[in-house]
Protein chains: 2
Amino acid sequence: MELDDTDRAILRILQRDARTPFSEIARQIDMSSATVHDRVGRMEEAGVIEGYHAAVNPKAVGFGTSALVGLTVEQGHEEETLQQLRDLDGVQEVHLTTGEWDVVLRVYAADTDGLRELMFEHIAAMEGFSRSQTMVILGTDYESEELPL
Amino acid sequence: MELDDTDRAILRILQRDARTPFSEIARQIDMSSATVHDRVGRMEEAGVIEGYHAAVNPKAVGFGTSALVGLTVEQGHEEETLQQLRDLDGVQEVHLTTGEWDVVLRVYAADTDGLRELMFEHIAAMEGFSRSQTMVILGTDYESEELPL
DNA sequence: GTTGAAAAAATATTGAG
DNA sequence: CTCAATATTTTTTCAAC
């Protein structure tokens, strides 16, 4: 799908606040809300907008610890290993990467003890596991939900 | 703020779809929409809900490449380096980590050439830069916007 | 593609249990 | 905290340009 400047302006607003009323978006980009409605619908249809999500404060719901985990996966076990990783509670992202690790995970846990449990009892225990490195996130200096459009 | 099961049920729904009408949430959790309204308001107030964001497909808006970048920062340059990193276009997350790297970034670029430009012309050019490792994300097997509540 | 206006639906507010 | 009723606002639709 081809996006023009108007579409990108709408996306910028909805990335920042998905609950901005169409009438308010219309005011900001100087068009009618029917147009905004139409364009948003087409972008949803085309998969440009993948969804609308509430951002929940991890600490407020008991996830005090987060980490990036680099993993090496043994050959022949790729498929099942990825499947198992996806299904683990606390595993938020599973990326296939170049460089030192085959897979890098973003994981959440209640505390360091929960992280230990996730790492030793679930991840290291998987068939096909070979080695890992855990980079505990001491703090997140910056995290944007918005792509620079 | 203390969250009960009802609050968590509401959060689960809003994480999945931030535009779910309060009446629909009320139906799903078997309560009145005024209650839902009230609880959502209090969770927003308390910072449990940090915001509502449209998830935009990165490829659809021209970001075909993403990477994780491990960085070592020279002592005495921490503050200014973090500030500069935050301000770079394409830098989506800045995490302070234990392990091999002081900082790990999540970056987006149009293509590998854009990534090269970001790395060599902007990041490696910063004062206080010492060394880095770029882990290009070949594919994201799984990425959830939802915390497991 | 866009618009303005009408219809439908959802949300905010209020008062009471 | 919860409910029910009402007022307000937003979303959606549609004929017309």
Side-chain angles (χ1 to χ4, degrees), chain A residues 1-63 110 144-149, chain B residues 1-63 110 144-149:
Chain A
M1 181 190 180
E2 199 65 36
L3 299 176
D4 62 17
D5 290 346
T6 302
D7 291 322
R8 273 186 288 271
I10 293 170
L11 289 177
R12 266 196 301 275
I13 294 167
L14 287 176
Q15 280 193 130
R16 187 145 32 231
D17 182 2
R19 292 194 148 188
T20 312
F22 288 1
S23 57
E24 169 62 18
I25 298 174
R27 200 190 55 73
Q28 288 186 34
I29 67 173
D30 203 36
M31 295 207 168
S32 77
S33 53
T35 301
V36 175
H37 176 257
D38 184 57
R39 286 174 176 257
V40 169
R42 275 188 292 115
M43 289 193 283
E44 289 173 348
E45 198 71 24
V48 175
I49 297 174
E50 299 182 317
Y52 304 92
H53 306 284
V56 174
N57 184 335
K59 287 197 178 123
V61 292
F63 293 102
S144 173
E145 316 277 340
E146 300 160 40
L147 296 167
L149 300 176
Chain B
M1 180 190 180
E2 199 65 37
L3 299 176
D4 62 18
D5 290 347
T6 302
D7 291 322
R8 273 186 288 271
I10 293 170
L11 289 178
R12 266 197 299 277
I13 294 166
L14 287 176
Q15 280 193 128
R16 186 144 33 232
D17 182 2
R19 294 195 146 187
T20 312
F22 288 0
S23 56
E24 169 63 17
I25 298 174
R27 199 190 57 70
Q28 288 186 35
I29 66 173
D30 202 36
M31 296 209 168
S32 76
S33 54
T35 299
V36 174
H37 174 257
D38 186 57
R39 286 175 176 258
V40 169
R42 275 189 294 114
M43 290 194 284
E44 288 173 349
E45 199 70 26
V48 176
I49 297 174
E50 299 181 319
Y52 304 92
H53 306 284
V56 174
N57 184 334
K59 288 199 177 123
V61 292
F63 292 102
S144 174
E145 316 278 340
E146 301 160 41
L147 295 167
L149 301 177

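Naming convention: chains lettered A, B, ... in sequence-line order (proteins, then strands); numbering from 1 in each chain.
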Based on the rotation axes of five pairs at each end, what angle does the helix from C/dG1-D/dC17 to C/dG17-D/dC1 bend through, to 10°?
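What I find for the helix from C/dG1-D/dC17 to C/dG17-D/dC1 is an axis angle of 30°.
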
A/E45 with A/R42: basic N within carboxylate O range, under 4.0 Å:
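Not counted as a salt bridge, because no side-chain N and carboxylate O are separated by less than 4.0 Å.
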
Can A/R12 and A/E146 be counted as an ion pair, charged N to O under 4.0 angstrom?
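No.
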
Is there a donor-acceptor pair under 3.5 Å between the side chain of A/R19 and the backbone N or O of B/A18?
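Between the backbone of B/A18 and the side chain of A/R19 there is a qualifying donor-acceptor contact (under 3.5 Å).
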
Got a donor-acceptor contact below 3.5 angstrom from the A/Q15 side chain to the B/V56 backbone?
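Answer holds: no.
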
For [X] and [Y], which heavy atoms make the closest approach, and how far apart are they?
X     : Y     : value
B/M1  : B/A46 : SD-CB, 3.5 Å
A/L3  : B/A60 : CD1-O, 3.7 Å
B/I29 : B/A9  : CG2-CB, 3.9 Å

In whole Å, I'd like the distance from the [atom1] atom of [X] to the [atom2] atom of [N].
X     : N      : atom1 : atom2 : answer
B/R42 : D/dC1  : CZ    : C1'   : 8 Å
B/I10 : D/dC1  : CD1   : C1'   : 12 Å
A/E44 : D/dT12 : CD    : C1'   : 13 Å
B/D38 : C/dG15 : CG    : C1'   : 14 Å
B/R39 : D/dC1  : CZ    : P     : 6 Å

Rounded to the nearest 0.5 Å, what separates atom CG in A/D30 from atom OG1 in A/T35?
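Separation between the atoms: 11.0 Å.
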
Is there a residue in residues 14-37 of chain B whose heavy atoms reach under 4.0 Å of DNA chain D, and which residues are they?
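Nucleic-acid contacts, sorted: B/M31, B/S32, B/A34, B/T35.
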
